[in-house]
Enquirer: 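The structure's right below; bear with me while I get my questions together.
For this chain, numbers begin at 1 and follow the sequence in order. Every heavy atom of this structure was used, including side-chain atoms; hydrogens, water molecules and symmetry mates were not.
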Amino acid sequence: MVGTRKRSNIKRPIWILLVVSVTSIFLTAAYFYLPRSSASCFLFDSEACGAYEAVATRELTDDETESKVVVKELLKTPPVHTKKPKIAFLFLTPGTLPFEKLWHAFFQGHEGRFSVYVHASKEKPAHVSRYFVGRDIHSESVDWGKISMVEAERRLLSNALLDLSNQHFVLLSESCIPVRHFEFVYNYLLYTNVSFLDCFVDPGPHGNGRYIGHMLPEVEIKDFRKGSQWFTLKRRHAIIVMADNLYFTKFKLHCRPNMEGGRNCYSDEHYLQTFFHMIDPGGIANWSVTYVDWSEGKWHPRSFAAVDITLDVLAQISSLTECPHYTSDAQRTLVITPCMWNGLQRPCYLFARKFYPETLDNLLKLFSNFTSF
């Protein structure tokens, strides 16, 4: 009996050590070998959500190697901590902003927590809000569907990055409105570890059908993605956009209207979407926080008129928790993306478009009600 008891006492620590060892090996393997998806980013430290290192199937070009080194180092850079981090609101507009009064109501009382930048591509805006006065940047002409749209986005980002307090960057158009109050937007964007960039696979003619073989070897069709241009970016992602020359040049040369075969490719719907899918897929949310209604199946999304502005319509937009994507093939497949915020399904949208200028008065009357949902 004594001998048996001794052997039992000896075995118990061994079994404990074995269990601890196996658990440690499992967690280590999970950390290093799990795909870097949005879900796995929330299981471990956000630093684990770096660029996905795929197994090399070919020798990289010098430009690709240099690009990978720069991106990898930038992704490892810890965020800049400031006493009062700000959100930069980047307005891409032809001229005057018809909803400036609405944005004034949105910003009012939150001074020091936001900054505004306006890129007006056709005419100098006439501002009615003090938050927009003096916030125009040097602008160039922008043509719909051409690379000049992406160049304007980069111009806005570069100006906003000069302010170290700007930690998140929101791209908006002249037809965009806020559908949440400022405090909600501020917390939603600053307290997440991802950028909100729309990104999905469209096998149809207006998705993968826009791809052209001249993008090889750097961009393969399996990596080609589509999405809305209306993004929000974390600071380190905004810096990476500024640092990229390789992929930007590829899209500048080979994603444009009137390509060979009669194909049209629009860089603002493909460049950033493909680029971030390739370099940091776990760092983007795969949907945009700006609501757009494509359900009509037309070339342009639905536009809202004054008669459409009701509390019920605005409440419905701000309460959606899933983002729909429609493919452009004959099946017009509806792909649903759940809106996951820090591992929890939350409302998708902070902003919405496209709204006609005539909706301003109705929106101002309802502003305090619909932004508080």
Enquirer: Taking only residues two or more places apart in sequence, or in another chain, which ones meet I336 in a side-chain contact (heavy atoms from CB on, under 4.5 Å)?
Expert: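 I336 satisfies side-chain contact (heavy atoms from CB on, under 4.5 Å) with E322, P324, L334 only.
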Enquirer: State whether a side-chain donor-acceptor pair under 3.5 Å links R225 with H270.
Expert: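 No, because no side-chain N or O of R225 sits under 3.5 Å from a partner of the opposite role on H270.
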Enquirer: In terms of relative ring orientation, are F351 and F89 parallel, tilted or perpendicular, with 30° and 60° separating the classes?
Expert: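 The arrangement is perpendicular - the two ring planes meet at more than 60°.
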Enquirer: If we count only N and O atoms by modelled type, under 3.5 Å, do the side chains of Q229 and E153 hold a donor and an acceptor together?
Expert: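 Yes, a side-chain donor-acceptor pair sits under 3.5 Å.
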Enquirer: I want to check something: taking the side chain as every heavy atom from C-beta on, are F132 and H104 in contact at a cut-off of under 4.5 Å?
Expert: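 No. Closest side-chain heavy atoms not under 4.5 Å.
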Enquirer: Which atom pair, heavy atoms only, marks the closest approach of L190 to K234?
Expert: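 The answer is O-NZ, 3.6 Å.
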Enquirer: Using the test salt bridge (Lys or Arg N to Asp or Glu O under 4.0 Å), find all partners of D293 that sit at least two apart in sequence or belong to another chain.
Expert: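 Salt bridge (Lys or Arg N to Asp or Glu O under 4.0 Å) check on D293 returns R302.
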Enquirer: List the residues meeting disulfide bond (SG atoms under 2.5 Å apart) with C176, not counting sequence neighbours, and say none if there are none.
Expert: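 For C176, no residue satisfies disulfide bond (SG atoms under 2.5 Å apart) once neighbours in sequence are set aside.
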Enquirer: Check this for me: does any side-chain nitrogen of one of E111 and R130 sit under 4.0 Å from a carboxylate oxygen of the other?
Expert: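 R130 and E111: salt-bridged.
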Enquirer: Mark yes or no: R113 above the aromatic ring of Y186, with NZ or CZ under 6.0 Å from the six-membered ring centre and no more than 45 degrees from the axis.
Expert: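 Yes, a cation-pi geometry.
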Enquirer: Among pairs that include at least one residue of residues 223-283, which meet disulfide bond (SG atoms under 2.5 Å apart), considering only residues two or more places apart or in two chains?
Expert: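 Applying disulfide bond (SG atoms under 2.5 Å apart) to every pair that reaches into residues 223-283, excluding sequence neighbours, yields C255-C265.
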Enquirer: I'd like to check the salt bridge (Lys or Arg N to Asp or Glu O under 4.0 Å) partners of K146; sequence neighbours left out, ordered by chain and number.
Expert: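 None.
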Enquirer: Does the distance from a Lys or Arg side-chain N to an Asp or Glu carboxylate O, for R58 and E64, drop under 4.0 Å?
Expert: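 Result for this pair is yes, salt bridge flagged.
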Enquirer: Counting only heavy atoms not in D62, do more than 12 sit closer than 6.0 Å to its CG atom?
Expert: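 Counting neighbours around CG of D62, 12 or fewer heavy atoms of other residues, nucleotides or ligands fall under 6.0 Å, so no.
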Enquirer: Does a side chain donor of either T232 or H168 reach within less than 3.5 Å of an acceptor in the other side chain?
Expert: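 Judged by distance alone, the side chains do pair up.
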Enquirer: Tell me, please, which residues at least two apart from E358 pass salt bridge (Lys or Arg N to Asp or Glu O under 4.0 Å).
Expert: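 Per chain and number, E358 pairs via salt bridge (Lys or Arg N to Asp or Glu O under 4.0 Å) with no residue.
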Enquirer: Does NZ or CZ of R154 fall inside the cone over F248's six-membered ring, less than 6.0 Å from its centre and within 45° of the axis?
Expert: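 Here R154 passes the 6.0 Å and 45° test against F248.
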Enquirer: Would you say D244 and Y271 are linked by a side-chain donor-acceptor pair, where the criterion is simply a distance under 3.5 Å?
Expert: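 Yes, a side-chain donor-acceptor pair sits under 3.5 Å.
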Enquirer: Would a 4.5 Å heavy-atom cut-off, applied to side chains only, mark T96 and H127 as touching?
Expert: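 Of all side-chain heavy-atom pairs linking H127 with T96, none is under 4.5 Å.
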Enquirer: State which residue, out of L161, L272, V150, fulfils the side-chain contact (heavy atoms from CB on, under 4.5 Å) condition with V241.
Expert: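 Only one of L161, L272, V150 forms a side-chain contact (heavy atoms from CB on, under 4.5 Å) with V241, namely L272.
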